[in-house]
Engineer: 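My structure is below; once you've seen it, I'll send some questions.
Note that the coordinates shown come from a computational prediction; the quantities given were computed from them, not determined experimentally.
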Amino acid sequence: MEIFILAFFAIGYLVLAGADIGVGMLLPYLGRSGGERREVIAAIAPFFLGNEVWLVATAGVLAGMFPELESELLHGNYALVVCLLVAWVVRDMGLWLRGRLPGARWQLCWDGAVVAGSWGLALSWGALLSHVLLGLGGPAAVLPALVPAALFAVHGLAFATLRLRGELRRRAAVLSGGAGEGRTYALTAGALVVIGVLAGARLPLTAGSTASFLAPVILALIPLLVASQAWVWWTFRHRVTGPSYL
């Protein structure tokens with residue numbers, strides 16, 4: 001049961017947050033002007049904070065239920081984890097600050113932060129997955145890290161195609177074959193699930209002494225998380241029609 005809980009949150013993060021990471025990676029391609037980029041960001045605006053909850057939950061489950069695994073993954077890849085956290089902060093700073101002041105230079109600066117942070121996240125996750133799956137570290141992990149990063153990008157394109165309209169949607173649909181964005185999103189989501197499962201199978205998943213106490217509590221909270229996520233997706237199910245609060 002403890003393994004199911006960890007897999008649920010970790011794979012949920014890869015699938016859900018992988019979409020907004022991919023959109024951020026390809027922001028310069030999708031949005032050719034400041035106004036277009038603002039509309040592209042509106043496609044992920046209602047979702048990215050909720051998606052990050054899955055990562056926080058994954059870290060909490062690791063710390064509370066799998067302390068030995070947490071030590072191996074986090075402390076054993078300290079520099080990589082720091083890069084991931086810095087990229088996360090930079091990406092979110094860009095999303096929050098780009099619209100706070102008028103001016104093309106201000107917005108272009110923070111658009112760059114969104115792109116750099118998104119690539120940093122994708123490559124950091126790719127390197128961490130390469131370490132888990134292939135046992136690679138350092139410079140040797142760079143090339144394999146590009147594979148998950150590319151998958152995040154394609155996943156983001158499919159999500160953007162589902163959310164955008166007009167010319168922006170046509171750009172995003174470059175790999176989806178017109179109206180096939182739902183199929184593409186399902187395929188990329190399935191690929192991320194497979195990567196997550198394969199990575200989990202390589203990990204020493206031995207639960208700690210607190211797992212028996214924490215597992216029932218977390219299981220009781222999971223339906224609330226799923227319900228809130230479903231509510232957000234249902235509320236913002238329509239295509240973007242203009243800029244968001246960001």
Side-chain angles (χ1 to χ4, degrees), residues 12-54 87-88 90-100 102 104 106-122 125 148-192 228-246:
Y13 171 78
L14 287 177
V15 173
L16 295 173
D20 59 65
I21 291 172
V23 170
M25 293 168 69
L26 298 175
L27 185 60
Y29 164 73
L30 293 170
R32 309 292 171 81
S33 66
E36 286 186 346
R37 288 191 292 273
R38 188 177 180 189
E39 191 165 339
V40 171
I41 288 175
I44 62 173
F47 306 103
F48 80 96
L49 284 177
N51 294 341
E52 289 172 350
V53 171
W54 292 74
W88 183 7
V90 168
R91 195 279 301 261
D92 281 20
M93 284 176 61
L95 289 172
W96 283 113
L97 295 177
R98 73 174 307 279
R100 291 299 177 260
W106 172 271
Q107 293 176 359
L108 187 62
C109 171
W110 292 113
D111 286 344
V114 172
V115 177
S118 298
W119 275 96
L121 278 170
W125 283 118
L151 183 55
F152 280 134
V154 178
H155 193 51
L157 277 179
F159 183 77
T161 312
L162 289 167
R163 294 280 295 151
L164 297 172
R165 304 174 305 146
E167 180 61 27
L168 298 179
R169 178 180 178 273
R170 282 189 287 274
R171 288 177 199 158
V174 63
L175 298 178
S176 299
E181 62 265 29
R183 179 181 64 251
T184 304
Y185 183 84
L187 287 172
T188 52
L192 288 168
S228 62
Q229 191 81 40
W231 177 83
V232 170
W233 277 69
W234 176 256
T235 302
F236 297 99
R237 66 191 182 278
H238 302 296
R239 294 184 183 274
V240 171
T241 58
S244 74
Y245 60 93
L246 294 174

Engineer: Can you measure from CG (Leu95) to OG (Ser118) and round to the nearest 0.5 angstrom?
Structural biologist: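 Spacing of CG (Leu95) from OG (Ser118) equals 7.0 Å.
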Engineer: Does Trp110 have any ring pair (Phe, Tyr, Trp, His ring centres under 6.0 Å) partners at least two apart in sequence or in another chain, and if so, which?
Structural biologist: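 Partners of Trp110 under the ring pair (Phe, Tyr, Trp, His ring centres under 6.0 Å) test: Trp106.
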Engineer: In sequence, state the C-alpha distance, the side-chain angles, and the governing distance for Phe152 and Trp119, and then conclude on ring-ring contact (aromatic ring centres under 6.0 Å, His included).
Structural biologist: CA-CA 10 Å; Phe152 280 134; Trp119 275 96; over 10 Å; no
Engineer: Under 4.0 Å between a side-chain nitrogen and a carboxylate oxygen: does that hold for Glu36 and Arg171?
Structural biologist: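 Yes, this pair counts.
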Engineer: Only one of Val240, Asp111, Val23 passes side-chain contact (heavy atoms from CB on, under 4.5 Å) with Ile41; say which it is.
Structural biologist: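 Result for side-chain contact (heavy atoms from CB on, under 4.5 Å) with Ile41: Asp111.
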Engineer: Can you measure from CG (Leu164) to CG (Leu157) and round to the nearest 0.5 angstrom?
Structural biologist: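 Nearest 0.5 Å value for the CG-CG distance: 10.0 Å.
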Engineer: Do you know which two heavy atoms are closest between Val114 and Gly94, and how far apart they sit?
Structural biologist: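 Heavy atoms of Val114 and Gly94 come nearest at CG2-C, 3.5 Å.
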Engineer: Hey, does the side chain of Arg163 reach the backbone of His238 with a donor-acceptor pair shorter than 3.5 angstrom?
Structural biologist: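 Yes, because the side chain of Arg163 sits within donor-acceptor range (under 3.5 Å) of the backbone of His238.
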Engineer: Got a donor-acceptor contact below 3.5 angstrom from the Thr188 side chain to the Val154 backbone?
Structural biologist: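 Looks like no, no N/O pair under 3.5 Å.
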Engineer: Using the test ring pair (Phe, Tyr, Trp, His ring centres under 6.0 Å), find all partners of Trp233 that sit at least two apart in sequence or belong to another chain.
Structural biologist: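 Trp233 satisfies ring pair (Phe, Tyr, Trp, His ring centres under 6.0 Å) with Phe47, Phe159 only.
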Engineer: Can you tell whether the side chains of Arg91 and Glu52 come within less than 4.0 Å, N to carboxylate O?
Structural biologist: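 Glu52 and Arg91: salt-bridged.
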Engineer: Determine yes or no for a side-chain-to-main-chain donor-acceptor pair under 3.5 angstrom, with Arg165 supplying the side chain and Arg239 the backbone.
Structural biologist: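 The answer is no, because no donor-acceptor pair under 3.5 Å joins these two groups.
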Engineer: Considering the options Leu16, Leu187, Leu151, which one meets the side-chain contact (heavy atoms from CB on, under 4.5 Å) requirement together with Leu192?
Structural biologist: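 For Leu192, the side-chain contact (heavy atoms from CB on, under 4.5 Å) test succeeds with only one of Leu16, Leu187, Leu151, which is Leu151.
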